[in-house]
Number of protein chains: 2
Amino acid sequence: MSVRMKDIARDLKVSIVTVSKVLRNHSDISPETRARVLKRARELHYQPNWAARSLVTGRSYMIGLIVPSLVHPFFAEVARGISKKIRRSGYSLVITSAEEDPKLEQQEIEHLLARQVDALIIASTQLSFGESQRRIETRNVPYILVDRNFSDLRANYVGADNDEIGALATQHLIECGCHHIAHICGPMISTGTGRLKGYRRALERHGLKVPPGYEVAGSSGDDDAEASGYEAMRKLMALRPRPDGVFCFNDPTAVGAMKAIFDAGLGIPDDFAIVGAGNFGYDSLLCVPLSSIDQSSASLGERAAKLALGLIDSKDRSRPRTIILPPRLVVRESSRKGGSCNAVEPGATSTKDSPSHALSRPLSAP
Amino acid sequence: MSVRMKDIARDLKVSIVTVSKVLRNHSDISPETRARVLKRARELHYQPNWAARSLVTGRSYMIGLIVPSLVHPFFAEVARGISKKIRRSGYSLVITSAEEDPKLEQQEIEHLLARQVDALIIASTQLSFGESQRRIETRNVPYILVDRNFSDLRANYVGADNDEIGALATQHLIECGCHHIAHICGPMISTGTGRLKGYRRALERHGLKVPPGYEVAGSSGDDDAEASGYEAMRKLMALRPRPDGVFCFNDPTAVGAMKAIFDAGLGIPDDFAIVGAGNFGYDSLLCVPLSSIDQSSASLGERAAKLALGLIDSKDRSRPRTIILPPRLVVRESSRKGGSCNAVEPGATSTKDSPSHALSRPLSAP
DNA sequence: TTGAAAGCGATACCAC
DNA sequence: GTGGTATCGCTTTCAA
């Protein structure tokens with residue numbers, strides 16, 4: 001059915017080994033045999049059988065990616081970055097979604113290991129990664145954690161600077177003239193705790209206190225973020241002194257919070273300035289375009305892929321590498337309080353959306 | 001290094017063949033040996049070596065998916081649907097993005113074929129699929145086109161009923177009391193032409209004419225949709241009689257159109273009722289939540305996956321199958337003209353979003 | 001019901 | 001430079 005090296009060897013009356021060597025650019029081959037083999041291979045549209053090659057080399061030329069959700073724009077961006085980076089190396093990307101289920105994630109890890117992927121890139125939903133780590137390390141497959149890290153783990157990691165995300169957002173709210181800045185927290189994993197720490201650090205640096213109740217728990221996962229943002233904001237609105245600025249763990253959370261504010265008949269940014277994180281594509285489309293912290297998801301993916309390719313080649317997997325990408329503030333209407341927010345710390349990375357056709361005008365109907 | 005059937009066999013003092021049979025639910029095995037094998041396999045976290053299995057069966061247990069873009073929510077949904085469906089069958093999904101580039105798409109097809117995927121699912125960006133079709137059919141790999149079809153091709157196809165999408169949207173605008181309904185067209189491939197036809201059909205059925213200029217070209221691809229929606233809408237606003245309802249090829253196009261309307265100081269839905277297509281996640285978050293036609297992307301993926309699995313098993317691939325999924329109208333603020341739009345044709349599939357915390361109230365600040 | 005033997009298509013190692 | 005041989009982990013066939 002399909003062409004094998006055996007066929008080429010027979011046609012040319014050389015051995016299979018010779019053909020194999022030519023096809024892998026082995027040096028011990030005379031120029032003329034090499035030419036003959038290559039010619040015949042092309043004629044027959046020869047394609048190596050990856051299963052056979054894999055079986056003997058132990059390599060599959062595949063990289064596995066496990067994400068909590070394919071639909072989440074952040075992970076889609078990451079996947080895109082990885083895909084782009086490995087394309088030219090001849091590697092294929094096997095993507096699976098854990099559907100936000102830690103149990104399923106473990107299964108998928110096993111599955112990909114069985115597939116003999118040469119490296120694994122994982123944005124984990126697990127609370128503790130130890131078990132999976134052992135499994136992976138037993139097989140000696142290089143793996144890279146992405147987005148979510150585990151403090152107790154020595155592992156390769158590529159992620160955003162969550163602490164800095166929190167600090168940047170909070171700092172911005174301070175500069176916008178907010179005096180009572182609250183935080184709707186994310187899950188208590190590295191992303192959530194980092195942002196929380198950054199939030200506290202920024203306040204502290206400006207001598208601001210966090211009144212009780214100002215740090216309110218939001219989502220514990222990635223799926224219910226909007227609903228829990230709504231609930232969290234309701235709690236915040238009941239506090240006295242009422243917050244006038246809110247840093248939300250991520251954009252979906254912020255969307256929920258904004259809904260709560262509107263439902264209460266209050267306004268953004270006048271009553272509450274809002275900053276999210278993630279800088280999702282829809283941020284600029286919202287009723288009040290949402291200021292957010294960009295975490296350069298795609299380049300995060302690229303870095304992870306580059307690291308993966310490096311690890312596959314190097315035999316030295318001892319010292320885990322950590323890559324932290326700097327966040328970037330994107331200012332939109334949701335935090336433009338009387339224009340004062342335009343002041344941006346010199347040196348800070350910040351970008352303003354052109355407000356050209358912002359969807360933030362009063363509506364003519366309902 | 002990793003657990004093999006040999007290890008289980010040794011531990012249990014049975015032959016490798018016996019283990020193999022148990023693991024594949026072969027019948028000629030005594031219940032007790034089966035139990036012992038399964039137990040030990042679980043204990044050792046046995047996972048079959050797919051390369052080895054592949055080598056002898058000639059199957060790779062991989063399905064290849066090529067999409068124009070990973071970030072586009074529609075394709076992300078489709079991927080999710082496929083992923084979900086094939087998970088239990090032990091198949092893996094190799095996903096690659098063509099980055100909206102027909103040339104790259106062809107390369108990726110070659111690449112996946114070389115990988116010996118057992119089936120290929122393709123949402124093509126190519127204008128003519130003939131070349132790729134030949135390549136794929138030479139290898140005798142079953143393939144399924146998704147979303148975009150080619151009228152001149154006999155191929156398996158799973159997609160939305162584009163004609164019906166156009167008709168449903170237009171019909172809805174008519175029922176909302178619009179008298180001058182325009183259409184911002186999509187690219188002139190099956191999705192775009194189908195929706196255009198449906199639009200015309202619905203108007204015709206109601207004895208409405210399409211004045212010159214009412215069908216205006218929008219995007220030619222998938223990337224510039226928003227910008228071209230903006231431009232198209234500007235043209236529409238200049239027409240006399242001015243349209244009072246616009247069916248946009250897809251949601252990004254609609255978003256662009258909405259921006260143009262707001263920038264012109266006009267209102268939605270009072271001046272223009274708008275309906276998009278795709279029902280993307282952000283539709284309900286927009287300034288004026290956008291009515292849209294849902295094309296059940298995830299179940300589209302599931303159907304494609306199911307078809308793929310079926311084709312892999314069946315030896316009869318002669319008669320291509322076509323699966324068309326019915327669209328569903330989702331009514332939101334952008335087409336709620338004085339409440340009259342609530343009238344829904346009996347029998348038509350339609351859903352209304354709960355307007356509970358709609359982001360559609362006048363804002364307190366710019 | 002069980003298992004020995006023969007591959008699947010490629011690569012690695014080591015003679016020649 | 002070239003090629004014989006063993007091998008990778010599994011399935012298939014067929015004999016016991």
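A, B, ... follow the sequence lines: proteins, then strands. Residue 1 opens every chain.
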- [ ] Return the minimal non-hydrogen interatomic distance between B:Leu93 and B:Ala79, and the atom names on each side.
- [x] CD2-O, 4.1 Å
TODO: Indicate for each nucleotide in nucleotides 3-11 of chain D, in 5' to 3' sequence, whether protein heavy atoms under 4.0 Å reach the base (B), only the sugar-phosphate (S), or nothing (-).
DONE: BBB--BBBB
Open item on the list: Suppose the criterion is ring-ring contact (aromatic ring centres under 6.0 Å, His included): which pairs have a residue in residues 3-41 of chain B, not counting sequence neighbours?
Closed with: none
Task: A:Arg303: partners by salt bridge (charged side-chain N to carboxylate O under 4.0 Å, His left out), with sequence neighbours left out - done: none
Open item on the list: Below 4.0 angstrom, which residues in residues 26-36 of chain B have at least one non-hydrogen atom near DNA chain C?
Closed with: B:Asp28, B:Ile29, B:Ser30, B:Thr33
Task: Results of salt bridge (charged side-chain N to carboxylate O under 4.0 Å, His left out) for B:Lys21 - residues two or more places apart only - done: none
TODO: Can you run down the salt bridge (charged side-chain N to carboxylate O under 4.0 Å, His left out) pairs that involve residues 23-33 of chain A, sequence neighbours left out, and say none if there aren't any?
DONE: none
TODO: Report the residues that fulfil salt bridge (charged side-chain N to carboxylate O under 4.0 Å, His left out) with A:Glu105, sequence neighbours left out, ordered by chain and then residue number.
DONE: none
- [ ] Name all pairs fulfilling the salt bridge (charged side-chain N to carboxylate O under 4.0 Å, His left out) condition that reach into residues 54-66 of chain B, sequence neighbours left out, sorted by first residue then second.
- [x] B:Arg59-B:Asp313
Task: Rounded (10°) bend between the five-pair end axes of the helix from C:dT1-D:dA16 to C:dC16-D:dG1 - done: 30°
- [ ] Check salt bridge (charged side-chain N to carboxylate O under 4.0 Å, His left out) between B:Glu137 and all other residues, then give those that pass, not counting sequence neighbours.
- [x] none
Open item on the list: Once ring pair (Phe, Tyr, Trp, His ring centres under 6.0 Å) is applied, do any residues pair with A:His111, and if so which ones, sequence neighbours excluded?
Closed with: B:Trp50
TODO: Return each pair, listed once, that meets ring-ring contact (aromatic ring centres under 6.0 Å, His included) where at least one residue sits in residues 114-146 of chain B; pairs must be two or more places apart or across chains.
DONE: B:Phe129-B:Phe150
